[in-house]
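Some notes on the structure that comes next.
Worth knowing before you read on, the calculation uses all heavy atoms, side chains too, and leaves out hydrogens, waters and symmetry mates. We number each residue from 1, following the sequence as shown.
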Amino acid sequence: MNVRRLLVLPVFALLLAGCGIRATEVPTDFGPAPSRVRCSLSEPDISTQASRGLPVQVFLLCGSSLVAVDRTVRVPDGTADSARRVLVAQGLLDELAATPSAAEKEAGYTTDVRGGMTVTGPRPKDPGDALRLSTPPDDLTSYSLAQLVCTFSDSAAAEGDGSVILGGPGSETVRRYECTDEVRSRPGSKEPPRSEVAGG
């Protein structure tokens with residue numbers, strides 16, 4: 001009887017040892033815990049912005065899409081409409097090329113528009129609402145072109161129909177570019193639709 005008990009004890013001990021949780025060789029690193037919500041900024045003080053200039057919106061990159069951010073541009077009182085459009089367009093271009101603020105960087109905002117680009121009004125054979133860039137639109141990256149098109153088409157620099165007529169510094173024909181939902185959601189892979197326009 002005692003011999004049987006002695007034989008059962010080692011087997012019982014082995015069974016108990018097998019009940020623990022064993023180490024696994026499968027990787028279980030799921031990365032750091034989620035931090036603050038990206039692409040989200042506190043509401044700006046519109047009244048303060050208005051005192052600094054004309055309230056506008058520019059489209060910055062955040063994650064893989066375009067997100068509108070409030071800005072201001074200065075336009076002197078009494079400026080003629082034709083000159084006003086160009087001044088607004090240049091102000092928007094400068095804002096797009098500016099380095100995002102610390103709060104914007106923290107929220108994940110970036111820009112692909114490079115500084116030094118300028119914009120002028122239409123040439124004699126262009127439509128009256130055309131804008132000419134110092135860099136040909138075809139030479140811009142998909143991201144920067146999407147930023148420009150969506151920013152211009154949603155501003156006083158365009159006709160407000162969701163499109164803008166752009167050309168380069170050369171003699172190439174200007175084209176009408178559209179800012180669509182697909183462009184805003186996928187600026188890296190979806191270029192703004194474009195079409196030829198007749199001269200004015």
Side-chain angles (χ1 to χ4, degrees), residues 38-41 43-44 46 49 53-73 75 81-82 84-100 104 107-123 126-169 172-200:
R38 291 170 62 84
C39 305
S40 177
L41 292 171
E43 290 296 324
I46 300 298
Q49 282 196 340
L54 178 68
V56 295
Q57 285 190 321
V58 299
F59 282 86
L60 298 182
L61 297 166
C62 196
S64 60
S65 61
L66 295 180
V67 182
V69 176
D70 293 306
R71 290 283 195 274
T72 58
V73 296
V75 179
D81 287 346
S82 57
R84 179 184 176 87
R85 285 183 57 256
V86 175
L87 286 175
V88 170
Q90 185 63 57
L92 293 170
L93 188 55
D94 293 341
E95 289 296 330
L96 284 171
T99 302
E104 289 166 350
Y109 289 87
T110 61
T111 183
D112 203 52
V113 178
R114 299 293 169 254
M117 203 177 343
T118 58
V119 60
T120 57
R123 293 185 173 181
D126 291 341
D129 56 346
L131 296 170
R132 289 271 182 176
L133 301 173
S134 59
T135 300
D138 288 345
D139 290 352
L140 299 173
T141 66
S142 175
Y143 288 108
S144 59
L145 181 60
Q147 283 185 261
L148 282 170
V149 169
C150 288
T151 296
F152 284 164
S153 65
D154 192 38
S155 73
E159 295 298 314
D161 62 351
S163 70
V164 62
I165 299 175
L166 296 176
E172 69 273 12
T173 304
V174 293
R175 296 188 181 105
R176 183 179 296 279
Y177 295 82
E178 296 179 41
C179 178
T180 63
D181 290 339
E182 289 80 7
V183 172
R184 284 190 290 268
S185 61
R186 293 182 291 141
S189 59
K190 189 70 175 177
E191 290 195 350
R194 66 193 73 184
S195 58
E196 300 290 337
V197 294

- Task: Dump the intermediate steps for side-chain contact (heavy atoms from CB on, under 4.5 Å) on L61 and L66, then the final yes or no.
- Result: CA-CA 5 Å; L61 297 166; L66 295 180; 3.4 Å; yes
- Note on the structure: In short, S189 meets S142 closest at the heavy-atom pair N-OG, 4.4 Å
- Can you tell me if D94 uses its side chain to pair, donor with acceptor, with the backbone of G91 under 3.5 Å? no
- Please round to the nearest 0.5 Å and tell me the distance separating atom CG of L140 and atom OG1 of T135. 6.0 Å
- Note on the structure: V58 and L92 have their tightest heavy-atom pair at CG1-CD2, 3.9 Å
- Message: Taking atom CZ as the centre, does R184 end up with more than 12 heavy-atom neighbours from other residues, nucleotides or ligands that are less than 6.0 angstrom away?
- Response: yes
- Query: What's the verdict on side-chain hydrogen bond (donor to acceptor under 3.5 Å, both in side chains) for S163 and R176, showing C-alpha distance, side-chain angles and the deciding distance?
  - Reply: CA-CA 7 Å; S163 70; R176 183 179 296 279; 2.9 Å; yes
- Query: Taking all non-hydrogen atoms of both residues, which atom of P187 and which atom of S64 are closest, and how far apart?
  - Reply: CD-O, 3.1 Å
- Query: Could you give the distance from CZ (R194) to CG (L145), rounded to the nearest 0.5 Å?
  - Reply: 6.0 Å
- Item | Candidate pair L87 and V73, rule side-chain contact (heavy atoms from CB on, under 4.5 Å), full reasoning | CA-CA 8 Å; L87 286 175; V73 296; over 6 Å; no
- Task: Kindly indicate whether the side chain of L54, heavy atoms from C-beta on, has any atom under 4.5 Å from the side chain of T72.
- Result: no
Only pairs under 3.5 Å count here: list side-chain donor-acceptor contacts from residues 146-154, not counting sequence neighbours, and write none if there are none.
from, atom 1, to, atom 2, distance (Å)
Q147, OE1, D112, N, 2.8
Q147, NE2, F59, O, 3.0
Q147, NE2, T111, OG1, 3.0
T151, OG1, F59, N, 2.9
T151, OG1, Q147, O, 2.7
S153, OG, V149, O, 2.8
S153, OG, C150, O, 3.4

- Query: So, R85 side chain and A157 main chain: donor-acceptor pair closer than 3.5 Å or not?
  - Reply: yes
- Message: Can you tell me how far apart CG (D161) and SG (C179) are? Round to the nearest 0.5 Å.
- Response: 11.5 Å
- Message: Between S134 and M117 (side chain of the first, backbone of the second, donor and acceptor by atom type, cut-off under 3.5 Å), is there such a pair?
- Response: no
- Query: Quick one: does S185's side chain have a donor or acceptor within less than 3.5 Å of a partner on D181's backbone?
  - Reply: yes
- Can you check whether P193 reaches V183 side chain to side chain, under 4.5 Å on heavy atoms? yes
- Query: Between Y109 (side chain) and C39 (backbone), is there a donor-acceptor pair under 3.5 Å?
  - Reply: yes
- Nearest-0.5 Å distance, CD of residue E104 to OG1 of residue T99: 10.5 Å
- How close do P122 and P127 get, heavy atom to heavy atom, and via which atoms? CB-O, 3.2 Å
- Between L93 and V113, is any pair of side-chain heavy atoms under 4.5 Å apart? yes
- Message: Test your reading of the model: is there a side-chain donor-acceptor pair from Q90 to the backbone of V119, 3.5 Å cut-off?
- Response: yes
- Criterion side-chain contact (heavy atoms from CB on, under 4.5 Å) on Q57 and V69, from CA distance to verdict: CA-CA 5 Å; Q57 285 190 321; V69 176; over 6 Å; no
- Message: I'd like to know whether E182 forms a salt bridge (charged side-chain N to carboxylate O under 4.0 Å, His left out) with K190, so could you lay out the CA-CA distance, the side-chain angles of the two residues, the decisive distance to 0.1 Å, and finally the verdict.
- Response: CA-CA 7 Å; E182 289 80 7; K190 189 70 175 177; over 6 Å; no
- Task: Verify salt bridge (charged side-chain N to carboxylate O under 4.0 Å, His left out) between E172 and R175, making sure each step is shown before the conclusion.
- Result: CA-CA 9 Å; E172 69 273 12; R175 296 188 181 105; over 6 Å; no
- Rounded to the nearest 0.5 Å, how far does CG of L131 lie from CD1 of I165? 8.5 Å
